[in-house]
Amino acid sequence: VSPPRPFAAIDGGFYDTDGEPMGLVRTEGADRAPLTARGGSGVFFVDGERARVVHQDDFAPSPSIREALQSVDRLVDGGESLVSPTASARRAARSAVAIDADGAVHLVVAFDERAIAREDDARIELGPDSTRTGPTIGEWATLLTRPASEGGVSAREALGLDGGYSTSLVVKSDARALSVVAYRATINALLVTLE
């Protein structure tokens, strides 16, 4: 695919060992993979001009929803973390799609500097430590809800994506570019055209 410029893309939802998505993937109004119970607790979708993250049980397919992605961890709802205090304390690089109170969509990654295998101008390649270092899932949700003035994104809704080894982000405009390259490839991604 030759994406339009400017654009941003981030790793997508989880997938099986056979390379198939574990949950819903809808592009251009067609389901490439179905909504499944094991695909994850949340669905990110765009209905007309409005982006949302909802629990998989609250997702109602309609012809107006042309793009949707299911993933494992719904992290934020109503500006509050959904992560239990007893959640796993495992550290890893993380990625998420978040929506703030104004409806703006944020594609967000976080990783520990120890996860960086190689860094060049505007290109960061992650290594094997991307699955052993970085924020816990609870720390990640807290960071997403934190106000922008304090380094967060003021998320009202957020969905965790397939971070760890798959953490990746590409942002390109006519003037700038940044790539965070996953340690292992990912099979799907969210592509957003920037305005």
Side-chain angles (χ1 to χ4, degrees), residues 8-17 20-110 134-148 152-164 166-169 186-192:
I10 193 168
D11 57 280
F14 287 75
Y15 52 94
D16 285 327
T17 55
E20 294 298 315
M22 289 175 59
L24 176 67
V25 176
R26 177 181 286 194
T27 59
E28 299 176 347
D31 288 351
R32 312 297 181 194
L35 185 74
T36 66
R38 69 186 191 93
S41 64
V43 178
F44 167 79
F45 64 94
V46 180
D47 191 356
E49 296 293 316
R50 185 174 179 212
R52 294 284 319 275
V53 172
V54 298
H55 190 277
Q56 68 167 333
D57 294 341
D58 297 328
F59 178 70
S62 77
S64 63
I65 298 174
R66 306 213 18 95
E67 313 294 330
L69 178 73
Q70 184 179 12
S71 193
V72 171
D73 295 310
R74 204 165 60 109
L75 300 170
V76 177
D77 187 47
E80 300 292 328
S81 171
L82 295 174
V83 178
S84 165
T86 61
S88 170
R90 186 176 77 83
R91 297 193 171 278
R94 306 278 177 187
S95 55
V97 57
I99 303 163
D100 67 21
D102 295 327
V105 175
H106 301 262
L107 305 181
V108 191
V109 296
T136 66
I137 193 99
E139 290 168 345
W140 185 220
T142 298
L143 178 62
L144 293 170
T145 61
R146 190 175 297 157
V153 295
S154 303
R156 300 293 303 157
E157 301 171 355
L159 181 65
L161 302 173
D162 186 15
S166 297
T167 302
S168 57
L169 176 70
T186 184
I187 63 159
N188 58 40
L190 288 176
L191 174 67
V192 177

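With Ser64 contributing its side chain and Asp47 its backbone, the two residues share no donor-acceptor pair below 3.5 Å. A distance-only check finds a donor-acceptor pair linking the side chain of Ser41 to the backbone of Val72 [under 3.5 Å]. Not one N or O on the side chain of Glu67 forms a donor-acceptor pair closer than 3.5 Å with the backbone of Gly29.
Glu139 has a carboxylate O that lies under 4.0 Å from a charged side-chain N of Arg91, or vice versa, which qualifies the two as a salt bridge. Arg26 and Asp31 are joined by a salt bridge, as a carboxylate oxygen and a charged side-chain nitrogen come within less than 4.0 angstrom of each other.
The two atoms that bring Leu144 and Ala96 nearest to each other are CD1-CB, 3.9 Å, heavy atoms only. Taking all atoms of both residues into account, the shortest heavy-atom contact from Ala98 to Val153 is CB-CG2, 4.1 Å. Considering all non-hydrogen atoms of both residues, Ala141 and Val76 come closest at O-CG2, 4.0 Å. Nearest approach of Gly23 to Ala33, heavy atoms of both residues: O-CB, 3.4 Å. Considering all non-hydrogen atoms of both residues, Ser154 and Ala148 come closest at OG-N, 3.1 Å. The heavy-atom pair separating Ser84 from Thr86 by the smallest distance is OG-OG1, 2.8 Å.
Within the 4.5 Å cutoff, the side chain of Val97 has no heavy atoms near those of the Ile10 side chain. Taking the side chain as every heavy atom from C-beta outward, Val83 and Trp140 never approach each other to under 4.5 Å.
Applying the ring pair (Phe, Tyr, Trp, His ring centres under 6.0 Å) rule to Phe59 yields the partners Phe45; only residues at least two apart in sequence or on another chain are considered. Partners of Arg38 by side-chain hydrogen bond (donor to acceptor under 3.5 Å, both in side chains), not counting sequence neighbours, listed by chain and number: Asp16. Residues passing the side-chain hydrogen bond (donor to acceptor under 3.5 Å, both in side chains) test with Arg52, sequence neighbours excluded: Glu157.
Of the candidates Val53, Val43, Leu190, Leu161, Leu161 is the only one forming a side chain to side chain contact (heavy atoms under 4.5 Å, CB included) with Ser71.
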For this session: Show your reasoning for whether side chain to side chain contact (heavy atoms under 4.5 Å, CB included) applies to Arg90 and Thr136.
Result: CA-CA 6 Å; Arg90 186 176 77 83; Thr136 66; over 6 Å; no

For this session: I would like to know whether Ile137 and Arg94 meet side chain to side chain contact (heavy atoms under 4.5 Å, CB included); could you show each step before the answer?
Result: CA-CA 8 Å; Ile137 193 99; Arg94 306 278 177 187; 3.7 Å; yes

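A side-chain N or O of Ser95 and one of Asp11 form a donor-acceptor pair less than 3.5 Å apart.
Counting only residues at least two apart or on different chains, the salt bridge (Lys or Arg N to Asp or Glu O under 4.0 Å) pairs with a member in residues 68-85 are Arg74-Asp77. Among residues at least two apart or in separate chains, there is no ring-ring contact (aromatic ring centres under 6.0 Å, His included) pair with a member in residues 80-108. Within the structure, no pair that satisfies the ring-ring contact (aromatic ring centres under 6.0 Å, His included) test touches residues 61-86, not counting sequence neighbours.
Distance check: Phe14 CZ to Gln70 CD gives 11.5 Å after rounding to the nearest 0.5 Å. The structure places CG of Leu69 at 7.5 Å from CG of Leu24, a figure rounded to the nearest 0.5 Å.
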